[in-house]
Each structure stands twice: as C-alpha cells, then as structure tokens.
Amino acid sequence: MEPHSLPLNEFPNLSLDPARLPRHVAIVMDGNGRWALKRGLNRCEGHRRGKDSVRAVVETANELGIQYLTLFAFSNENWQRPKGEVRFLMQLFYRYLITESKRLMKRDIRVIAIGEMSRLPGQVRRVLADTISRTASNRGMTVVLALSYGGRQDVVGAARRIAAAVAAGRVTPEQVDEAMVERELMTGGIPNPDLLIRTSGELRLSNFLLFQLAYTELYFTDTLWPDFREHDLLKAITAYQMRTRRFGMVNEGGLISLSAANQA
Ligand code: FPP
C-alpha cells in the first residue's frame, strides 16, 4: 500500500504534513469500561468495540506511512482485574490475531510484541508467535503489541541483563550508557515514540514505556477508546505537528525539524 494514500480531503479541517509524520506513535487505549457502562453494557462490550478501533487505527496509521505503532493492550497490573474480564481480553487478543491475520498480510504490516509473554495463556502465545513469524518479512508498518507489559519491569529486565554482562566481565560499569540500556529494553532496536496518545481523559503514563517516553510529545484526549477512530488519530498527529520539539535544548535559529529529530 502506498503511504499517504488516505483521502485526507475527507477531513478538510485537518492539514497534515506528510513530510513531518511521527515515526513512532504509542497509544494507551483507555476507557473501554466507561464506554460500556455509559451504555448500560458489560465492560467487556467496551473491549469488544475497542477491537474495532484497533483495526481503524492500525490501518490508518499504516496508510499514512507511520513506521511503528505501539499499542498498550494489557499491562502487568491488568492481571489483577476480575478473572472473567481477563479471560475475555485474552480471548479477544486470540480472535484479533486470527481474524486480522489476512488484513495485516495484505497491508504488509509486521507484528511484534513486548511484555512477559510467558504469563499469557498458551493459546494466545502460540497464535502470537505464529503471527509474528508470518509477518516477520513484511515491510509496511510495525505494530508493537504490549501484552502483559510494564515499563518498570522492562527497565529491571534491562538492568539485570547488563548486570549479568558486567558480572561476567563482558562489559565494564563505565561502558554502561543510555544507548546500552536502550538496546537492552524490550523495545531494543525500535526508535523511541515521537507521540504518545492516551484516550479517556486520564493524565497518567500507567507504567508504559517509562524510559522510552523521556522526550515524547504527549497527547491526551477525552475520547474513550471505542470511539477513537481515523479522524481522532489524524487530529492527534495534527496537534503533534504544531509542537516544537527541543529535546531539552534551546531553540535558536528556528524550529528543530521534526524529521531531523526523528533521526536522533
Ligand atoms: C483499558 O480500558 C483497556 C484495556 C485494559 C484493554 C485494551 C484492549 C483493547 C482495546 C481490546 C482490543 C485490543 C487488541 C490488541 C485487539 P479500561 O477497561 O481500563 O477502561 P476504563 O478505564 O473505562 O475502565
């Protein structure tokens, strides 16, 4: 699929600059439960409807030419939800991977995952591994599914691997730097997110990509995840393109170009 083939003229009030797209967008998909409760439905109905937003956002981001889209689908803390809800979510992930497989392949989208996969039910693990291997050579956007993921646990894992390398004498403490920590995170090799979107009006990171979000532009919207669709993604990216990214520096001689920052 050609990038930027999205009919942006369907959204005349939004003007996107295709040359300054975020390379990596990360999303905390929040508000499924509230969406359902507002309608007198079971919370799980919100998750079910949230799956449709996942499809819309994945396909729109891919058509725009976004390179990485990370979706916070299930946190380490989410295991503490009622058993029935956890079971429902696991079934939803399973069904998503089965039913979307063809569409993902057709769009040349690659899927990878971050998180503690060993905690997922075997059925989900197997279909996930299968999707990852079948889409591994796709060259379109990469969808990073954060499943059983926690940012602190991610940093702890990296620290452990580096400590082991130091203990084994392969690395000296002086050689430990930001680049090394970044490589050892579950997102190693993936550029840090340029834009973080959180839906449902909550203003928190909730243990998502803590190290990786250091200089990410944050975008919060009151829209609940099941209502978040193509237009909302375009609106968030438009807002991102109005920001000036300084990465802690001063801004002499004009804006730091977003595309230059993307290379950093
Ligand atoms: C947070 O909303 C959402 C989740 C814990 C689950 C996210 C899952 C989906 C969007 C389903 C589809 C995902 C994939 C990858 C197929 P919440 O339940 O905490 O909402 P609340 O704050 O209103 O209770």
Side-chain angles (χ1 to χ4, degrees), residues 25-62 66 68-105 107 109-117 119-121 123-132 135 141-151 196-209 220-230 232-233 236:
V25 176
I27 310 185
V28 180
M29 308 182 288
D30 197 11
N32 294 351
R34 273 163 287 165
W35 183 92
L37 295 179
K38 263 172 60 176
R39 289 162 177 77
L41 302 167
N42 183 287
R43 293 176 51 80
C44 291
E45 279 309 310
H47 297 315
R48 198 198 307 276
R49 180 60 92 92
K51 187 158 74 83
D52 301 338
S53 299
V54 170
R55 174 187 281 178
V57 166
V58 164
E59 296 186 358
T60 304
N62 183 51
I66 304 284
Y68 295 90
L69 177 70
T70 299
L71 300 175
F72 203 7
F74 196 85
S75 73
N76 265 330
E77 292 71 29
N78 288 155
W79 290 112
Q80 288 151 35
R81 291 196 174 200
K83 271 198 176 65
E85 185 174 341
V86 170
R87 200 174 318 117
F88 183 90
L89 278 167
M90 293 300 144
Q91 277 165 6
L92 201 65
F93 300 144
Y94 175 81
R95 278 205 304 274
Y96 171 80
L97 291 166
I98 299 271
T99 58
E100 293 300 294
S101 177
K102 258 200 194 139
R103 297 181 74 97
L104 295 169
M105 288 304 288
R107 287 163 179 76
I109 295 173
R110 181 168 77 120
V111 175
I112 61 174
I114 55 173
E116 278 187 63
M117 298 307 139
R119 292 186 76 182
L120 299 174
Q123 225 191 7
V124 177
R125 263 201 329 264
R126 280 189 289 279
V127 72
L128 185 61
D130 185 54
T131 308
I132 291 171
T135 62
M141 185 176 74
T142 298
V143 173
V144 184
L145 289 178
L147 285 166
S148 190
Y149 176 84
L196 171 86
I197 299 170
R198 180 168 188 150
T199 57
S200 90
E202 303 294 348
L203 309 179
R204 291 187 290 274
L205 293 182
S206 297
N207 202 16
F208 190 40
L209 301 174
F220 298 101
T221 170
D222 288 339
T223 303
L224 304 174
W225 178 251
D227 290 327
F228 191 93
R229 297 296 162 98
E230 294 84 345
D232 304 278
L233 178 66

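First listed ligand is number 1; within each ligand, the first listed atom is number 1.
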Do me a favour and list the nearest non-hydrogen protein atom to atom 19 (O) of ligand 1 with residue, atom name and distance? R81 NH2, 2.7 Å

Could you tell me the residue and atom name of the protein heavy atom closest to atom 1 (C) of ligand 1, and the distance to it rounded to 0.1 Å? M29 O, 3.2 Å

Testing the basics here: between M141 and Y68, what is the closest heavy-atom pair and its distance to 0.1 Å? CG-N, 4.2 Å

If the cut-off is 4.0 Å to any non-hydrogen atom of W225, which atoms of ligand 1 fall inside it? 10 (C)

Beyond-backbone contact of L69 with I109, side-chain heavy atoms, under 4.5 angstrom: no

Shortest non-hydrogen contact from N207 toward Y149: O-CE2, 4.0 Å

List the closest protein heavy-atom neighbour of atom 9 (C) of ligand 1: residue, atom name, distance to the nearest 0.1 Å. N32 ND2, 3.6 Å

Any N/O of G33 closer than 3.5 Å to an N/O of ligand 1? yes

Test item: R48 and R95 side chains (from C-beta on) under 4.5 Å apart, heavy atoms: yes

To check your reading of the model: name the closest protein heavy atom to atom 16 (C) of ligand 1, its residue, and the distance in Å. Y96 CG, 3.4 Å

Evaluate the side-chain proximity of L120 to M90: yes if any heavy-atom separation is below 4.5 Å, no if none is. yes

Considering both backbone and side-chain atoms of D30, is one of its nitrogen or oxygen atoms within less than 3.5 Å of a nitrogen or oxygen in ligand 1? yes

What protein heavy atom sits nearest atom 4 (C) of ligand 1, and how far off is it? H47 CE1, 4.0 Å

Nearest non-hydrogen contact to atom 23 (O) of ligand 1 from the set R34, E100, K51, E77 belongs to R34

Would G31 count as a contact residue for ligand 1, given that I'm defining contact as a non-hydrogen atom of the residue lying under 4.0 Å from a ligand atom? yes

Close-contact set for ligand 1 against A73 heavy atoms, below 4.0 Å: 6 (C), 7 (C), 8 (C), 15 (C)

Polar side-chain atom of S53 near backbone of P226 as donor-acceptor pair, under 3.5 Å: yes

So is L71 close enough to ligand 1, meaning a heavy atom under 4.0 angstrom away? no

With a 4.5 Å heavy-atom cut-off, do R229 and D52 have their side chains touching? yes

Assign the ring pair F72 / F208 to parallel, tilted or perpendicular, where the plane angle (0 to 90°) is split at 30° and 60°. parallel

Check for a donor-acceptor pair, side chain of R43 on one end and backbone N or O of A36 on the other, with a separation under 3.5 Å. no

At a 4.0 Å threshold, what atoms of ligand 1 neighbour a non-hydrogen atom of R43? 17 (P), 18 (O), 24 (O)

Numbered atoms of ligand 1 (with element) below 4.0 Å of N78, judged on heavy atoms: 5 (C)

Using a 4.0 Å heavy-atom threshold (strictly under), name the region of L92 that reaches ligand 1: side chain, backbone, both or neither. side chain

Non-hydrogen side-chain atoms of D30 and W225 separated by less than 4.5 Å: no

Using a 4.0 Å heavy-atom threshold (strictly under), name the region of F74 that reaches ligand 1: side chain, backbone, both or neither. neither

